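Everything numeric in this text was worked out from a predicted model, so none of it was measured.
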Amino acid sequence: MRVVDLIEKKRDGQALTKQEITFLIEGYTKDEIPDYQVAAFAMAVFFQDMTSEERAHLTMAMVESGDQINLDEIVGIKVDKHSTGGVGDKTTIALAPLVATLGVPVAKMSGRGLGHTGGTIDKLESIPGFNVEIDTETFIKLVNKNKISVIGQTANLTPADKKLYGLRDVTATVNSIPLIASSIMSKKIASGADAIVLDVKTGSGAFMKELDQSIELAKAMVQIGNNLGRKTVAIISDMNQPLGRTVGNALEVKEAIDLLRGEGPEDLKELCLTLGSQMVYLAGKAETVELAREQLETVLSSGKALKTLKTFIANQQGDSSIVDNPSKLPAAPYQIDVLAETSGIIERIVADKIGTAAMILGAGRATKESVIDLSVGIVLNKKVGDKVMQGESIATLHSKNNHVPEISEMVRSAYRISTEIVSAPPLIYSTITSDR
C-alpha cells in the first residue's frame, strides 16, 4: 500500500477503505509517513468530503492510536457530555452533579482551555485544593460510590488527532466537517463513554458561526457516534451572547453554585436541563426525555444536587466549604464598571469580543504556555433584551489592575444598544438524534 495512491484516490472523490485509513493514521502516528503527504490527504478530504463509513473509520483509527479508557468496572450506562466551546460555558460544573444525583454515572475526562477562558479543568482548579490528577482506579471507585468524578485527559489520548490537528492548523484545513467531527468524537470514544450528548454551539462566540454549519457538524458527529455503537444526541445551542452572566474561571464556578441553589441565570439553567434530560434518558433513568426533565427539576429545587457537588469537591481534595461560602474562591482586587454611553435596550453582545477581553485580563490562554489568573473575568450586568440607562453599568471587570481602559472600551464596543424593543435570541435551536 502506497500513501500517494491513497491521496490520489481521495483527490478523485473515491472512498477509502478501513484498512487504507488505518494504514495512513498508523503510519503518521509512528512518524513513518511525512507531514507533507498527510497535509495533501487533509486537503483532499477538505475538497472531496468523506462518506459516513470513512468518517467512522477515521475516528476509530485515531482512537486506536493511543490510550483507550476502559470504564467497564463502573456500574450503569456512562453518558459523557461535550461542548464545542463558547464564552462563559460553565455547564459541566452544574450539570455533572445534577445528573449524578439521579444515579447517572458521570466519569468525565476534560481538558484545559486555549483561548477565552480556561477549560473545565482550569475552572475546577479555582476551587482551593481541587485535584484533577487522580489515578484511574480511584477515578472508577469514586464514580461507583458517588456517581461523579472529573479528571484531566491522559497525555496519550488520541495522539494521531493531536498530530493531525496541528497539521490542519497550518495548512488551512481546520474547517472541514469530517476532520472536525472525527477529531472531537475520537476523544469522546477513547474516553470510554457508552453514550454521548453533544452541545454544539452556534453564533458569534462559537467555532461554527452559522447555524447551518453547526447543524451539519452536529449531524456528522451524531452519525459517527451511532455508527460506532454509542448512542449519540446533539443539541444546537446559541452562542450569539455569552452563556450566563460570568466569564472567568472562579466567577463561573460561583455562578454554577448559584444555579444549584436555584439562583442562577435562566439561560444556564435551561441549557443544563436540556442537556441533562438527554443524559438521564440515554442512561436509562427515565422512559422519556420529558420525564427526565421533570426529575431534574425536582432534584434542582430540592437542593440535593448541591449536596452532590459538595461530595464531588471533597472527594477530589477540594475545599467543599466554598459551596456555602463562595467568597473563599480566588477574587480579583479591583472591580471596574463599564458604563453605557446611551439609553435603550441591549440589541446584541458580540460574544467573542467579550471572550477576548476576558483573555486579555488573564482569564484565558493566548498560547499553551500562558498562565491563567483564576480570579479575573467579566460579569455581564446586562444581556440581550435588557433595558439600560445612560451611565448605568453594563458589565463589571474583575481585574488585577485598577486601570484597564482598553479592555473597558473593548467590552463597551461589544454591546449594541437599540431604541427599539429587542427579543433575546433562542437558546436551543435544534435537537439532532439518530432518527434525523
Side-chain angles (χ1 to χ4, degrees), residues 67 69-71 73-76 78-81 89-113 117-157 191-193 246 248-261 272 299 303-332 362-365 370-377:
D67 294 341
I69 311 303
N70 188 336
L71 301 179
E73 291 181 31
I74 295 175
V75 178
K78 284 73 71 179
V79 186
D80 199 358
K81 188 277 299 183
D89 187 3
K90 72 284 293 179
T91 311
T92 294
I93 301 167
L95 178 61
L98 193 59
V99 299
T101 306
L102 287 176
V104 177
V106 179
K108 187 163 179 57
M109 288 192 169
S110 292
R112 299 188 183 278
T117 57
T120 297
I121 293 299
D122 299 296
K123 292 168 189 176
L124 287 171
E125 285 185 336
S126 67
I127 300 169
F130 195 94
N131 180 20
V132 298
E133 305 298 334
I134 59 178
D135 61 72
T136 304
E137 183 181 355
T138 303
F139 176 60
I140 289 172
K141 282 181 179 177
L142 288 177
V143 179
N144 274 330
K145 183 180 178 182
N146 301 116
K147 300 301 179 186
I148 181 170
S149 184
V150 179
I151 61 174
Q153 290 176 347
T154 68
N156 197 41
L157 201 72
S191 295
T246 61
N249 300 282
L251 293 170
E252 292 185 40
V253 170
K254 182 182 182 301
E255 189 167 60
I257 294 169
D258 289 343
L259 175 67
L260 296 182
R261 289 186 177 285
C272 284
V299 163
K304 289 180 180 178
L306 204 62
K307 185 178 179 182
T308 303
L309 176 62
K310 287 183 182 180
T311 301
F312 163 49
I313 293 171
N315 282 344
Q316 296 194 211
Q317 294 85 55
D319 182 358
S320 61
S321 70
I322 63 106
V323 175
D324 296 316
N325 189 6
S327 64
K328 289 186 174 183
L329 290 165
R365 294 183 178 89
S370 300
V371 177
I372 282 182
D373 185 333
L374 298 169
S375 70
V376 303

**Item:** Residue pair Pro97 / Thr308: nearest heavy atoms and the distance that separates them
**Value:** O-CG2, 3.7 Å
**Ile121 vs Val150, side-chain contact (heavy atoms from CB on, under 4.5 Å): CA-CA, chis, key distance, verdict** = CA-CA 8 Å; Ile121 293 299; Val150 179; 4.2 Å; yes
**Prompt:** Can you list the steps and then say if Ile93 with Glu255 is a side-chain contact (heavy atoms from CB on, under 4.5 Å)?
**Reply:** CA-CA 9 Å; Ile93 301 167; Glu255 189 167 60; over 6 Å; no
**Prompt:** Nearest heavy-atom pair of Lys328 and Asp319: which atoms, and what distance?
**Reply:** CD-OD2, 3.7 Å
**Item:** Polar side-chain atom of Asn249 near backbone of Ala363 as donor-acceptor pair, under 3.5 Å
**Value:** yes
**Min side-chain heavy-atom separation Asn315-Lys145 under 4.5 Å** = no
**Asked** Any sub-3.5 Å donor-acceptor pair from Asp122's side-chain atoms to Gly119's backbone N or O?
**Response** yes
**Item:** 4.5 Å side-chain heavy-atom contact, Ser191 and Leu157
**Value:** yes
**Prompt:** Can you tell me how far CD1 of Ile148 sits from OG1 of Thr311, rounded to the nearest 0.5 angstrom?
**Reply:** 9.0 Å
**Which atom of Arg365 lies closest to which atom of Ile372, heavy atoms considered** = NH1-CD1, 3.3 Å
**Prompt:** Closest approach of Ser126 and Pro330, non-hydrogen atoms and distance?
**Reply:** O-CD, 3.0 Å
**Request:** Find the distance between CZ (Phe139) and NZ (Lys108) and round it off to the nearest 0.5 Å.
**Result:** 9.5 Å
**Prompt:** In Å and rounded to the nearest 0.5 Å, what is the CG to CD distance from Asp89 to Glu252?
**Reply:** 7.5 Å
**Item:** Shortest non-hydrogen separation from Lys304 to Thr101 and the atoms involved
**Value:** CB-CG2, 3.7 Å
**Request:** Decide yes or no for Val299 and Leu98: does some side-chain heavy atom of the first lie under 4.5 Å from some side-chain heavy atom of the second?
**Result:** yes
**Prompt:** Between Phe312 and Val323, is any pair of side-chain heavy atoms under 4.5 Å apart?
**Reply:** no
**Message:** Rounded at 0.5 Å granularity, tell me how far CG in Leu251 sits from CG in Leu374.
**Reply:** 10.5 Å
**Separation between SG of Cys272 and CG of Leu260, rounded to the nearest 0.5 Å** = 7.5 Å
**Request:** Decide yes or no on side-chain contact (heavy atoms from CB on, under 4.5 Å) for Lys81 and Thr91, but give the supporting numbers first.
**Result:** CA-CA 10 Å; Lys81 188 277 299 183; Thr91 311; 4.1 Å; yes
**Asked** Under a 4.5 Å cut-off applied to non-hydrogen side-chain atoms, are Val253 and Lys90 in contact?
**Response** no
**Request:** Using only heavy-atom distances, determine whether the side chains of Lys254 and Thr246 contain a donor-acceptor pair under 3.5 Å.
**Result:** no
**Item:** For the student: nearest non-hydrogen atoms of Ala100 and Lys147, plus distance
**Value:** CB-O, 3.5 Å
**Prompt:** Which is it for Ile134 and Leu142 under the side-chain contact (heavy atoms from CB on, under 4.5 Å) test, yes or no, and what are the steps along the way?
**Reply:** CA-CA 10 Å; Ile134 59 178; Leu142 288 177; 3.8 Å; yes
**Prompt:** Sequence neighbours excluded, which residues qualify as side-chain contact (heavy atoms from CB on, under 4.5 Å) partners of Glu73?
**Reply:** Ile140
**Separation between CG of Asp80 and CE of Met109, rounded to the nearest 0.5 Å** = 10.0 Å
**Asked** Are Ile322 and Ile257 close enough that some pair of their side-chain heavy atoms sits under 4.5 Å apart?
**Response** yes
